[in-house]
Amino acid sequence: RTPSTGIFTMGQVFNKKYKGNASEERSNKQIEGDQKRQRSINARVIKLLLLGAGESGKSTLFKQMRRLYGVGFDERELLIYKPGIYRNILQSCTELFIQAEKLDPKRFPRPKISAEARSAGVAISRAYEGLNNPKYELKVDMLKPLQTLWKDPGIQKTYEYSSAFQMIDSIEYFMEELPRICRKGYIPNYQDCLRCRIRTTGVVEFEFKVESNKFTMIDVGGQRSERKKWLHCFQDVTAVIFVAAVSEYDQVLFEDDETNRLIEAVGLFKQIVNYECFKDKTSMILFLNKSDLLLKKVCDKRPLSLCVEDYKGPNTYAAACELFKDMFSAQVTNALTQKLYTHVTCATDTDQIRTVFLSVKDILLQQSLMNSGLIE
């Protein structure tokens, strides 16, 4: 610029423009480099969303992943499950006592419960009512009533019909562990925590690493009243792990005593697997869960036609697994754009869950890299 006129000369104008372009180019390169590095970082953070109907075993799987790849559960956290374990036991035994008197004897033939079991049932029902006290302890004086009721032939026969009413899967485990649970100073162990049934409400997240790869796992409530919260978790999901309890093929929903649980799960899966934001960018992994309970039910001759009325095939565990795999696979409207990876699982089996997760890890890594544009 000339001192007298304040006007730029032509050379100064071009020189300034050149310098501006060079500065802008350096800035753009830096931004592009930062974006590429961020994409690379994001590619290593794999977001897993656990979905499924209520009581499918999602939260059990979540606990397993935390134990396998996180900090586990210290004594303080284990004690948090103590009231839930007491509730599971007293609520289940109270329900068995009620159903032993209530079930239609023509449809569900069984012996009448003994006078001793009836007295025990009354004592257990009263104890259940006292659970509103947060400091309640299941003391040793409740051991005898609980064992008396549980061992009664009429109660055991009623338990065989438990698919006709609401009963937690783990009551048999807790009744076997009763002497330890009723002991003074009881502290739940990991298996107790794993088997404890507490309904998930809201959204729970857990971050962990596997071989330097970062994961974020998100668990959400599966009850119908909780599903409206799911949409808030759908963004930037690497994979959906949909958990379905295949052992529930002969049971009805907690919220609706007319709807078969497995049919509900299949309908829910259809909505999720074909959801627009999951197409192409999200791996879909299906866990057909509670395989141990499915095997027991099939061995107990609970016909698969209770779920699929026109089913005419064999009533075996292998046939059941194939039937349920086909039912879920049929819900994928475009198998070319949405590949489905299916595993038959038992979420309470820590070793199996470790093996299954490692087998899908590479799929998750590849999907994450594709989503970040680092591979095609």
**Q** Ser92 side chain to Ile89 main-chain N or O, any donor-acceptor pair under 3.5 Å?
**A**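 No, because the side chain of Ser92 does not come within donor-acceptor range (under 3.5 Å) of the backbone of Ile89.
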
**Q** Report the residue from Thr348, Thr60, Thr345 that forms a side chain to side chain donor-acceptor pair (under 3.5 Å) with Asn289.
**A** Thr345

**Q** Taking C-beta and beyond as the side chain, do Val360 and His343 meet within less than 4.5 Å on heavy atoms?
**A**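 Heavy-atom side-chain distance check passes, below 4.5 Å.
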
**Q** Ring centroid separation for Phe357 and Tyr69, is it under 6.0 angstrom?
**A** yes

**Q** Can you tell me if Thr316 uses its side chain to pair, donor with acceptor, with the backbone of Ala319 under 3.5 Å?
**A** yes

**Q** Should the heavy atoms of other residues, nucleotides or ligands under 6.0 Å from CZ of Arg180 be counted, would the total exceed 12?
**A** yes

**Q** Determine whether a donor-acceptor pair (N or O, by modelled atom type, separation under 3.5 Å) exists between the side chain of Lys214 and the backbone of Glu207.
**A**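 Checked: no pair found.
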
**Q** Please answer whether the main-chain N or O of Arg197 pairs with a side-chain N or O of Asn88 as donor and acceptor at a distance below 3.5 Å.
**A** yes

**Q** Taking Gly121's backbone N and O only, do any of them form a donor-acceptor pair with Ser125's side chain (distance below 3.5 Å, no angle check)?
**A**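 Side chain of Ser125 to backbone of Gly121, a donor-acceptor pair under 3.5 Å: yes, one is there.
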
**Q** Under a 4.0 Å threshold between the charged nitrogen and the carboxylate oxygen, would Lys296 count as salt-bridged to Asp300?
**A**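 So Asp300 pairs with Lys296 through a salt bridge.
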
**Q** Can a side-chain donor-acceptor contact be found between Tyr186 and Asp192 if the only test is distance below 3.5 angstrom?
**A** yes

**Q** Crowded around Lys361 NZ? As in, over 12 foreign heavy atoms under 6.0 Å?
**A**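 Yes, the 6.0 Å shell around NZ holds more than 12 heavy atoms from other groups.
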
**Q** Does a side-chain N-to-carboxylate-O contact under 4.0 Å join Arg195 and Glu177?
**A** no

**Q** Is the closest basic N to carboxylate O distance between Arg354 and Asp351 below 4.0 Å?
**A** yes

**Q** With a 3.5 Å cut-off and no angle check, do the side chains of Gln91 and Glu95 form a donor-acceptor pair?
**A**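 The criterion, which ignores hydrogens and geometry beyond distance, is not satisfied for Glu95 and Gln91.
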
**Q** Nearest 0.5 angstrom please: Arg110 CZ to Tyr161 OH, how far?
**A**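 Here the rounded value is 7.5 Å.
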
**Q** Check whether any side-chain heavy atom of Ile113 lies under 4.5 Å from a side-chain heavy atom of Glu101, and answer yes or no.
**A**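 In short, these two side chains touch, coming nearer than 4.5 Å.
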
**Q** Salt bridge check, Lys58 against Asp219: does any charged N sit closer than 4.0 Å to a carboxylate O?
**A** yes

**Q** Are Ser163 and Arg302 linked by a side-chain donor-acceptor pair shorter than 3.5 Å?
**A** yes

**Q** Checking ring pair (Phe, Tyr, Trp, His ring centres under 6.0 Å) between Phe242 and each of Phe269, Tyr275, Phe278, which is the one that passes?
**A** Phe269

**Q** For residues Leu61 and Leu194: do they belong to one hydrophobic cluster (side chain heavy atoms under 4.5 Å, members Ile, Leu, Val, Met, Phe, Trp, Tyr)?
**A**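 Leu61 does not cluster with Leu194.
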
**Q** Any heavy-atom pair between the side chains of Tyr81 and Tyr86 that's under 4.5 Å?
**A** no

**Q** Is any side-chain N of the basic residue among Lys184 and Glu137 closer than 4.0 Å to the acidic one's carboxylate O?
**A** no

**Q** Are Glu264 and Arg261 within salt-bridge range, i.e. N to O under 4.0 Å?
**A** no

**Q** Ignoring hydrogens and angles, tell me if any N or O in the side chain of Asp152 forms a donor-acceptor pair with the backbone of Ala117 under 3.5 Å.
**A**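 Looks like no, no N/O pair under 3.5 Å.
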
**Q** Taking atom CD of Gln191 and atom CZ of Phe174, what is their separation to the nearest 0.5 Å?
**A** 9.5 Å

**Q** Is any side-chain heavy atom of Arg66 less than 4.5 Å from a side-chain heavy atom of Phe73?
**A**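 The answer is yes, as the side chains (C-beta and beyond) meet within the 4.5 Å cut-off.
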
